[in-house]
Amino acid sequence: MTKKSTDSAYQFEVIENQARKLWQKLKIFKFNPQKKQPLYVVDTPPPYVSADHLHSGHIMSYAQAEFIVRYKRMRGFNVFYSMGFDDNGLPTERFVEKKYQINKNKISKSKFIKLCLKETEIGSRTYKKLWDNLGISVDWSKTYSTISPIAQKISQWSLIDLNKKGGLYQKQVPILWCTTCRTAIAQADLEDKEQASKMNYIDFQGQKDQKLTIATTRPELIPACVALYVHPKDKRYADLIGSSATPALCQHQVPIKANPNVDPEKGTGLIMVCTWGDVEDLEKWRLDKLPTRSIIQENGKLNQLAGPYQGLTIQEARNKILKDLKNAGLLRRQEKINHTLNVHERCDTPMELVKSRQWFIKIANLQKTWLKYGRQLNWYPKSMFKIYQNWVQSLKWDWCISRQRYFGVPIPVWSCQKCDHKIFAKIKDLPVNPLEDPAPVKKCPGCQNSKLQPESDVMDTWATSACTPFLLRELVGKNRQSVYDKMFPVSLRPNAFEIIRTWDFYSIVKSHYNFKKIPFKDVMISGHGLDEHGRKISKRLGNYQPSDRLLQQYGADAIRYWATGASLGQNLRFNAKEIKKGRKTAIKLFNINKFLSIHLEELSQKHIKSISQNLNQNKDLEPADLWILKSLNQCIKKTTTAFENYNYAGAKNTIHDFFWSQFADYYVEFIKYRLANSRLTASKKAALAVLYQVFFNIAKLYAPIIPFITEYVYRQSFSKNHSCESIHVCSWPEKLAFSGRINQQEFNQALAAIDEIRTYKSKQGLALGKEIPTYQLKTRVNLTKFRNFISQVMKVKKLT
RNA sequence: GGGCGUUUAGCUCAGCUGGCUAGAGCAACUGGUUUACACCCAGUAGGUCCAAGGUUCGAAUCCUUGAGCGCCCACCA
């Protein structure tokens with residue numbers, strides 16, 4: 001008993017460690033495919049292992065989804081909750097390049113891949129530790145990584161199948177290109193970035209020595225100019241249509257054409273079309289079958305067509321040509337402007353259009369299909385469908401899935417060098433790497449040529465992660481056929497809003513081609529974690545605390561509690577006070593548990609057994625008991641509805657109100673005088689039974705949100721009388737049956753009377769427990785019924 | 001230019017399909033060792049619910065218009 005001073009205070013380290021060990025030992029979260037209960041399959045976003053700065057935002061979004069997982073588990077679902085890691089593709093490669101200050105082109109492929117694998121190993125360990133500490137209830141025997149053989153196999157299968165269904169093609173076209181990463185990229189990989197630039201007004205040479213002024217922000221593309229355009233009704237230029245011009249500092253001639261899309265108001269009304277400066281150029285080039293003068297190479301440097309600018313980078317060429325134009329007197333004027341550029345989200349490099357041979361999945365002209373699927377999903381919150389819709393409607397390009405990179409899933413194809421016939425790998429051989437493995441046939445089935453070229457490109461990392469809805473069941477295996485079949489489509493896809501246009505959208509694309517089905521039923525979208533000022537958390541700003549330090553400082557329960565602070569889809573500011581509120585809640589539960597156990601200690605096993613029984617036979621319940629039970633039932637109903645709608649924030653608010661304002665601050669105070677009786681009266685027994693039942697249910701309601709302290713409470717006070725190994729596999733609370741009726745309004749008057757006396761004592765500077773001889777109530781209350789109750793609770797000898 | 005979200009107490013936010021005097025936590029102030037808890041308890045003060053108009057017996061809540069903030073998309077000659 002000398003240890004009492006340390007034992008009697010709440011120490012989250014001890015409590016949380018105990019719970020972690022218990023869950024591990026009992027394998028509470030292990031998926032059991034043999035269970036009869038309905039399945040609930042969660043398609044958790046596999047985090048990029050290359051994130052080396054985990055912060056409150058990561059904690060927030062994974063915790064929010066996990067509240068639902070724990071709730072569903074208690075609801076009796078057979079929950080499948082696995083964790084994957086997304087470790088292939090550009091994010092990882094960029095991370096490795098930055099960390100080791102290298103460039104993929106200056107290191108051997110095998111060395112580079114080795115480094116990538118090393119970093120992904122480190123990354124996944126970091127994440128696993130964080131998730132364990134946070135109490136993310138994953139079945140760790142069901143993990144995958146997107147570079148693992150099983151993921152490669154499914155990803156390659158999906159692609160081959162998609163090809164059979166006509167969704168795949170290879171083509172040499174101008175494509176979005178990143179000159180830093182030296183790979184093709186997709187529309188979804190672009191990001192907006194505002195940049196200061198200059199609008200340059202430059203004179204081209206017309207046929208009759210006229211000066212034709214064009215405006216451009218990209219003068220380095222002048223050597224790539226293939227035509228000039230005016231609006232057909234623009235009087236200023238009407239006589240030019242059909243003639244030609246010579247771009248500034250160039251020798252070649254370009255035609256002057258008319259197109260109604262040209263806005264006479266913008267610039268000079270005379271525009272240059274280059275191959276290819278932007279999407280507009282591309283359209284006119286296609287439409288009018290213009291010649292190609294492509295000057296930007298894959299490495300971002302200019303080629304021989306650029307003449308004196310050959311070998312320069314885009315920026316160098318821009319500076320030099322502006323200087324030359326100025327010297328030649330062809331630069332009329334410059335205007336400073338701010339414009340938004342499309343940049344590659346991984347490296348901030350402005351996107352270029354470069355002609356290149358790539359693999360595509362057909363998505364661009366199927367908007368209606370994608371919207372149809374989108375409407376079939378249950379979006380939580382509903383408004384997130386709009387983001388999806390918005391994106392689908394803005395699709396311009398087919399999905400370019402080939403990347404000229406190293407660390408990814410290979411495209412499982414060989415091409416005949418003679419007739420370009422495509423030979424796909426055999427399904428039974430997957431996963432394959434065409435660069436290392438033999439082709440499935442010796443000769444081209446088309447022309448009998450024996451020279452087969454292995455594909456060297458890898459896939460966009462999203463092309464693999466988009467397969468997770470049908471990858472998860474592979475972790476269970478086909479020998480569990482009945483479960484395997486039911487695991488797709490999955491029940492829930494939880495993710496942050498910024499990957500709706502990538503992960504969610506691409507998953508729908510894959511699922512459409514491969515199965516003609518929606519990939520998931522419910523989508524739960526989370527917001528962002530922000531810093532305390534509402535700014536986006538970024539490594540560059542350093543405006544965050546590392547997640548492991550947060551956990552050490554506050555404990556997992558407290559931080560999880562904070563994560564309930566944003567309603568679904570909303571951003572959440574970091575707020576240390578809100579975390580402390582979580583800790584206070586844990587402390588309160590800890591202390592009430594202590595209060596309960598002190599009273600349970602006095603009882604015999606037989607009596608404890610009896611108070612853990614149903615209350616519907618108990619004839620001794622008093623008004624306060626009935627009031628709290630009725631209130632608990634309302635709380636259970638409201639909390640359940642909230643969780644059913646993925647509204648963990650509403651659930652928390654409901655439980656919080658009930659627990660603090662009604663249970664802790666009132667009910668526990670109301671029964672103290674009954675418990676103080678040294679004899680085990682019927683009244684005392686009733687109070688203990690209600691205290692026991694209500695507190696048990698509160699612990700269960702809180703369990704999905706603060707799993708550690710609730711597990712502690714369960715082990716301490718309830719597990720002896722209930723068969724569940726852990727509170728997290730106990731059944732979710734349902735409406736309690738009890739005998740007796742209560743007039744809620746009448747009882748509310750008694751509560752008002754108690755408040756009145758509390759205020760009086762407080763204003764008099766009296767302790768609440770101080771006995772006062774007499775008090776005259778102003779509140780109208782049925783005293784014949786409640787005199788004894790009020791005067792006992794408030795220690796008033798004579799109440800009138 | 002288009003879309004989405006947001007605006008409620010000093011701060012961070014709840015307020016569902018319109019209905020009793022608009023709530024919580026923190027901060028401030030006053031008081032209190034009360035047999036679970038000083039990591040506590042009780043109380044006090046603090047709000048033209050962004051603005052204007054409309055619907056209604058009644059609006060923080062619904063409609064219209066506008067403003068501020070944040071995000072996404074488009075344009076970037």
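We use all heavy atoms of the structure for the numbers below, so side chains are in, but hydrogens, waters and symmetry mates are not. Everything numeric in this text was worked out from a predicted model, so none of it was measured. Order of the sequence lines fixes the chain letters, A, B, ..., with proteins taken first and strands second; residue numbering starts at 1 for each chain.
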Have a look at [X] and say if it touches a base, only the backbone sugar-phosphate, or nothing, with a 4.0 Å heavy-atom cut-off.
| X | answer |
| --- | --- |
| A/A664 | base |
| A/I214 | nothing |
| A/D263 | base |
| A/I387 | nothing |
| A/V668 | base |
| A/K396 | sugar-phosphate |
| A/T340 | base |

Side-chain N or O of [X] versus OP1/OP2 of [N]: is the shortest distance under 4.0 Å?
| X | N | result |
| --- | --- | --- |
| A/K588 | B/C41 | yes |
| A/T217 | B/A77 | yes |
| A/S567 | B/A14 | yes |
| A/K761 | B/U34 | no |

Taking only the [atom1] atom of each, what is the distance from [N] to [M] in whole angstrom?
| N | M | atom1 | result |
| --- | --- | --- | --- |
| B/A27 | B/U12 | C1' | 11 Å |
| B/G70 | B/A24 | C1' | 25 Å |
| B/C76 | B/A22 | C1' | 48 Å |
| B/U7 | B/U44 | C1' | 29 Å |
| B/C41 | B/U35 | C1' | 15 Å |
| B/G53 | B/A59 | C1' | 14 Å |
| B/A28 | B/U61 | C1' | 31 Å |
| B/G2 | B/U64 | P | 16 Å |

With a 3.5 Å cut-off and no angle check, do the side chains of [X] and [Y] form a donor-acceptor pair?
| X | Y | answer |
| --- | --- | --- |
| A/D557 | A/Y712 | no |
| A/D192 | A/T340 | no |
| A/D281 | A/Y229 | no |
| A/H656 | A/Y561 | yes |

In whole Å, I'd like the distance from the [atom1] atom of [X] to the [atom2] atom of [N].
| X | N | atom1 | atom2 | result |
| --- | --- | --- | --- | --- |
| A/Q393 | B/C73 | CD | P | 15 Å |
| A/N261 | B/C75 | CG | P | 12 Å |
| A/L675 | B/U35 | CG | P | 14 Å |
| A/K584 | B/C37 | NZ | P | 16 Å |
| A/Y201 | B/A77 | OH | P | 10 Å |
| A/I500 | B/C4 | CD1 | P | 14 Å |
| A/F505 | B/C73 | CZ | P | 14 Å |
| A/D278 | B/A77 | CG | C1' | 9 Å |

Go through [options] for me and flag the one nearest to the [X] side chain.
| X | options | value |
| --- | --- | --- |
| A/E669 | B/U34, B/C73, B/C39 | B/U34 |
| A/L768 | B/C76, B/A36, B/U34 | B/U34 |
| A/K266 | B/A42, B/U6, B/C75 | B/C75 |
| A/S383 | B/G5, B/A74, B/U12 | B/G5 |
| A/I598 | B/A36, B/C75, B/C39 | B/A36 |
| A/M199 | B/A36, B/G43, B/A77 | B/A77 |
| A/T759 | B/A77, B/G43, B/A36 | B/G43 |
| A/L341 | B/C76, B/A36, B/G2 | B/C76 |
| A/D192 | B/C73, B/C4, B/A14 | B/C73 |
| A/K581 | B/A77, B/A24, B/A42 | B/A24 |

Side-chain donor/acceptor of A/Q764 to base of B/A42, under 3.5 Å
no

Can you tell me the pairing partner of [N] across any strand shown, Watson-Crick or G-U wobble, with both distances under 3.5 angstrom?
| N | result |
| --- | --- |
| B/A67 | B/U7 |
| B/C20 | none |
| B/U48 | none |
| B/A27 | none |

Nearest-nucleotide wise, let me know which of A/R501 and A/R573 is further upstream toward the 5' end of RNA chain B.
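Taking each residue's closest nucleotide, the earlier one in sequence belongs to A/R573.
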
In terms of the nearest nucleotide of RNA chain B, which residue is placed more toward the 5' end: A/K763 or A/K577?
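In this pair, the answer is A/K577.
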
In terms of the angle between their ring planes, are A/F789 and A/F670 parallel, tilted or perpendicular, with boundaries placed at 30° and 60°?
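Answer is perpendicular, since the angle exceeds 60°.
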
On the 0 to 90° scale, with breaks at 30° and 60°, tag the A/W370-A/F505 ring pair as parallel, tilted or perpendicular.
perpendicular

Cationic N near anionic O, under 4.0 Å, A/K684 to A/E602:
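Yes, charged N to carboxylate O under 4.0 Å.
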
Quick one: which of A/F497, A/Y646, A/F643 gives a ring pair (Phe, Tyr, Trp, His ring centres under 6.0 Å) with A/Y380?
A/Y646

Residues in salt bridge (Lys or Arg N to Asp or Glu O under 4.0 Å) contact with A/R674, at least two apart in sequence or another chain
A/E622, A/D625

